[in-house]
Amino acid sequence: MEYEIVIGLEIHAELKTKTKIFCGCKNEFGEEPNTNCCPVCLGMPGAMPVLNQKALEYAIKAGLAMNCDIAEFSKFDRKNYFYPDTPKAYQISQYDLPLCHDGYIDIELEGTTKRIGIERIHLEEDAGKLIHDASGEGSLIDHNRSGVPLIEIVTRPDIRSPEEARTVFESIKSILEYTDVSDCRMQEGSVRADVNLSVRPKGKGTFGVRTEMKNINSFRAVERACRAEAERQTELLERGLEVVRETRRWDDLKGTSFPMRSKEEAMDYRFFPEPDLLPVVIDRSLIAEIKSSIPELPFDKRRRYTEQYGLPLYDAKLLTESKKISEIFETALEVCKNPKLVSNWIMTDLLRLVNEKGKSILDTALNGRIFGRILLYFDRGEISQASARTLMEVIAETGEEPDSVIDRLSLRVQRDENLVSGVVKTIIRDNPQAVSDYRAGKTKALGFLMGRTMAALKGNGDPEQVRSLLIKELDRTE
Ligand code: ADP
Ligand code: MG
Ligand code: ZN
C-alpha cells in the first residue's frame, strides 16, 4: 500500500522589539544571565503587564505579509502550567481570538507553486531558559528570555512531504526577514518549528493520528525529522499497529525521535482570559498603515526576476533567499543593466567573497553601487574579467572607489591600435621560432604569441584586438 504524508507546522519567532512584550526590560540575546528582568517578567505578585505596541505592530505586519485577516478585536489568555522556566506558572498567550487568522503563503518547489494555508498567528511571551548545570547538581534559569515577544504561526495540514515542510519553514523565515519583524537568528533559537505529522493510505479522505515534535531549529533538521517520523509511522501501520498520539523529542545528532508524553499525559492548560490586560482593539487605519510598509516579498520578487529580467528560476531563488543579496542585485542592476551578468557575478564571485570576509562587506566596501560599477566597466569591455576580480578583492579589503583602483593598478583595457600593434611587432620580432611554427601550420603557436602579447600588455589587452592584429602582422610580413 502507498502512504501519504500530512504535515502541519507551528513556527515560533521572536520579534525584534527593543523591549519585552509586557515590561520595559531590554530584549537582547547573549547578555549576562538575569540582568534584563523586573518584577513583571519575573512574575512577582501584583506586578502588572502592559502590552508593547511595537510587538503588536510586528505581529500584524507578519500576519498581513502572510495574507491573514487581522482581528479587529482580540484578547490575551493565560495558559496555565507549572514548570520552572515560567515563574508565574502561566504563559500569557492568545487562545480563541488570535490576532491574525485565515491566511496563506505561496511556496515554490521544483518549479511548481503551491498554496499553504495559515490557520492563525498569535502573540505570546517566551519562557525563561533552563541551563542544565554540567556538574549535575541542578538546573539554572536565565530569565532574560522570559517575556520576550513571540509570534506563533500555525499552518494548516496542507504540507505533503519532508521537502515541502522544509520549503515552508524556509519561506516563512524569509518573509519574517523581509518584513524585518524578527532577526531570524536560527542558531540562537529565535525561530523554531514544531512538526505535526501523520500518514494515511493514499486516497483516504480522513487524516491519520499525528505526533508532534517540538522545537526544531534548522531547516535540515525539519526535513530529516519529517522523513524519519514518516518512516516510523508507515512501518507501524504496515505491521498492523497503531500510531499513538504523542509529543516526541527529535534528536538531530542521533537522527531519531523519542516519546516525551502521550495524549493521556497531555496537560490541561485551563485557558482563561488574562484579567490584567485589556482586550486588543485595532484601528483599520493602523492596519492600512502597516500594510503600506510591507516591502515586495520573496515569492513575488522571484516571479518578477524570472518574468521581468528573464533570469532562470535557479538564479531568482538564490538572489531572493536573502533580503540583503536581493538589495545588492537590484542596486547593482541600476548601474549595470545586464541582469544575467550581475546574477552570475553575485552567485560566484560575490558570494565567495562574502564567505571569506563576512556579510558586512556588503554594507561597506562592496555595496550594490560599487559592485554595479565594477560590472558596468567589465560589461563595456573597459576592464578584463581578471581585472574585475582583482578590483573586487582589493575593494573588499580597502573600500576604495573602483576608478581610483583602476588607475592605481592600471587595470584599464588597452585598445590604442598604434600602441598594441607596436607591442605585436616586438613580440613577432623576438619570437622567430613561434613565428615559423605558425607559418608551418602549427596553430598552437598563435596561442603562444597571444600569451606573450597579453603579458607585455600586463593582461590589459583586448583578446579580440590582439588576435586580429597578430594575424594581420604575421600574414603581412610573410
Ligand atoms: P493543537 O490544538 O493540539 O495544537 P491544532 O489543531 O492547533 O492542534 O493543530 C496543530 C498543528 O497540527 C497545525 O499545524 C495543524 O496543521 C497540524 N495538524 C492537525 N491535524 C493534523 C494531522 N492529522 N496530521 C498532521 N498535522 C496535523
Ligand atoms: Mg498547538
Ligand atoms: Zn521585565
Side-chain angles (χ1 to χ4, degrees), residues 310-312 314-315 332-333 335-357 365-366 370-398 400-478:
L311 289 178
Y314 176 85
D315 294 41
L333 198 57
V335 185
C336 172
K337 298 183 169 56
N338 181 341
K340 186 59 186 154
L341 179 91
V342 177
S343 166
N344 286 347
W345 280 80
I346 287 181
M347 294 192 298
T348 54
D349 296 80
L350 191 69
L351 289 181
R352 181 177 52 78
L353 280 170
V354 169
N355 276 338
E356 285 167 14
K357 302 190 192 300
L366 267 182
I370 294 204
F371 181 63
R373 266 285 260 310
I374 298 171
L375 296 184
L376 176 68
Y377 291 153
F378 169 65
D379 199 26
R380 283 189 189 154
E382 290 173 25
I383 57 174
S384 69
Q385 179 164 325
S387 295
R389 273 204 187 108
T390 308
L391 258 184
M392 281 179 201
E393 263 153 37
V394 171
I395 291 172
E397 281 295 326
T398 66
E400 278 169 279
E401 283 291 320
D403 292 82
S404 78
V405 185
I406 289 174
D407 289 342
R408 182 159 66 75
L409 302 178
S410 326
L411 297 178
R412 223 174 290 278
V413 169
Q414 186 49 264
R415 282 209 185 70
D416 180 331
E417 186 149 344
N418 282 334
L419 189 145
V420 177
S421 63
V423 174
V424 162
K425 280 181 189 137
T426 314
I427 296 295
I428 287 179
R429 191 195 63 209
D430 293 349
N431 295 279
Q433 185 60 51
V435 172
S436 58
D437 285 350
Y438 172 77
R439 289 184 181 142
K442 290 186 190 163
T443 42
K444 254 189 169 163
L446 183 63
F448 173 80
L449 292 168
M450 271 201 66
R452 281 297 154 106
T453 315
M454 288 300 269
L457 290 164
K458 297 198 178 68
N460 292 328
D462 169 1
E464 281 304 306
Q465 187 193 37
V466 168
R467 190 188 170 80
S468 75
L469 285 177
L470 259 174
I471 291 173
K472 199 167 119 195
E473 200 61 30
L474 284 164
D475 290 350
R476 198 171 64 78
T477 53
E478 202 163 356

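Excluded from the calculations below are hydrogen atoms, water molecules and symmetry mates; all remaining heavy atoms, backbone and side chain alike, are included.
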*Passes side-chain contact (heavy atoms from CB on, under 4.5 Å), V335 versus V342? Steps please.*
CA-CA 10 Å; V335 185; V342 177; over 6 Å; no

*asked:* Main chain of I427, side chain of N431: is a donor-acceptor contact present, judged purely on distance under 3.5 Å?
replied: yes

*Determine whether D315 and N344 make a side-chain contact, defined as any pair of heavy atoms from C-beta on separated by less than 4.5 Å.*
yes

*Min side-chain heavy-atom separation V405-L409 under 4.5 Å*: yes

*More than 12 heavy atoms of other groups within 6.0 Å of E356 CD*: yes

*Please report the shortest heavy-atom distance between M450 and P463, naming the atom on each side.*
CE-O, 3.6 Å

*What are the two closest non-hydrogen atoms of G381 and R415, and how far apart are they?*
O-NH2, 2.7 Å

_I need the D462 CG to S384 OG distance, nearest 0.5 Å._
10.0 Å

*In Å and rounded to the nearest 0.5 Å, what is the OG1 to CD distance from T398 to E401?*
10.0 Å

*Does R373 pair with D403 as a salt bridge, N-O distance under 4.0 Å?*
yes

*Closest heavy-atom contact between R429 and P432?*
O-CD, 3.8 Å

*Worked verdict on L457 versus L419 for side-chain contact (heavy atoms from CB on, under 4.5 Å)*: CA-CA 10 Å; L457 290 164; L419 189 145; 3.9 Å; yes

*Is Q465 close to L469 at the side-chain level, that is, under 4.5 Å between some pair of heavy atoms?*
yes

_Student check: side-chain heavy atoms of M392 and F371 closer than 4.5 Å_ = yes

*How far does OG of S410 sit from CG of N460, to the nearest 0.5 angstrom?*
7.0 Å

*asked:* When you measure from the side chain of S421 to the backbone of E417, do you find a donor-acceptor pair of N or O atoms at a distance under 3.5 Å?
replied: yes

*asked:* So that I can tick it off, tell me whether R352 and E393 are bridged by a salt bridge, with the cut-off set at under 4.0 angstrom between side-chain N and carboxylate O.
replied: yes

_Using every non-hydrogen atom in the two residues, find where V435 and I428 come nearest and quote the distance to one decimal._
CG2-O, 3.6 Å

*Any side-chain heavy atom of V394 sitting closer than 4.5 Å to one from R408?*
yes

*Shortest non-hydrogen contact between W345 and Q385, atoms and distance*: CH2-O, 3.8 Å

*In Å, rounded to the nearest 0.5 Å, how long is the span from CG of D349 to CG of L391?*
12.0 Å

*Might you work through the side-chain contact (heavy atoms from CB on, under 4.5 Å) test for L470 and L446, ending with a clear yes or no?*
CA-CA 8 Å; L470 259 174; L446 183 63; 4.3 Å; yes

*Is a side-chain donor or acceptor of R439 paired with a backbone partner of L474 at a separation under 3.5 angstrom?*
yes

*Can you find a heavy atom in the side chain of D407 that is under 4.5 Å from one in the side chain of R412?*
yes

*Check whether any side-chain heavy atom of K340 lies under 4.5 Å from a side-chain heavy atom of L311, and answer yes or no.*
yes

*When rounded to the nearest 0.5 angstrom, what distance separates OG1 in T426 from CZ in R452?*
13.0 Å

*Nearest heavy-atom pair of A434 and A445: which atoms, and what distance?*
O-CB, 3.4 Å

*Should L341 and F378 count as side-chain neighbours, where that means a heavy-atom distance under 4.5 Å?*
yes

*Rounded distance (nearest 0.5 Å) linking atom NZ of K337 with atom CG of L376*: 8.0 Å

*Step by step, would you call I471 with Y438 a side-chain contact (heavy atoms from CB on, under 4.5 Å)?*
CA-CA 10 Å; I471 291 173; Y438 172 77; 4.2 Å; yes

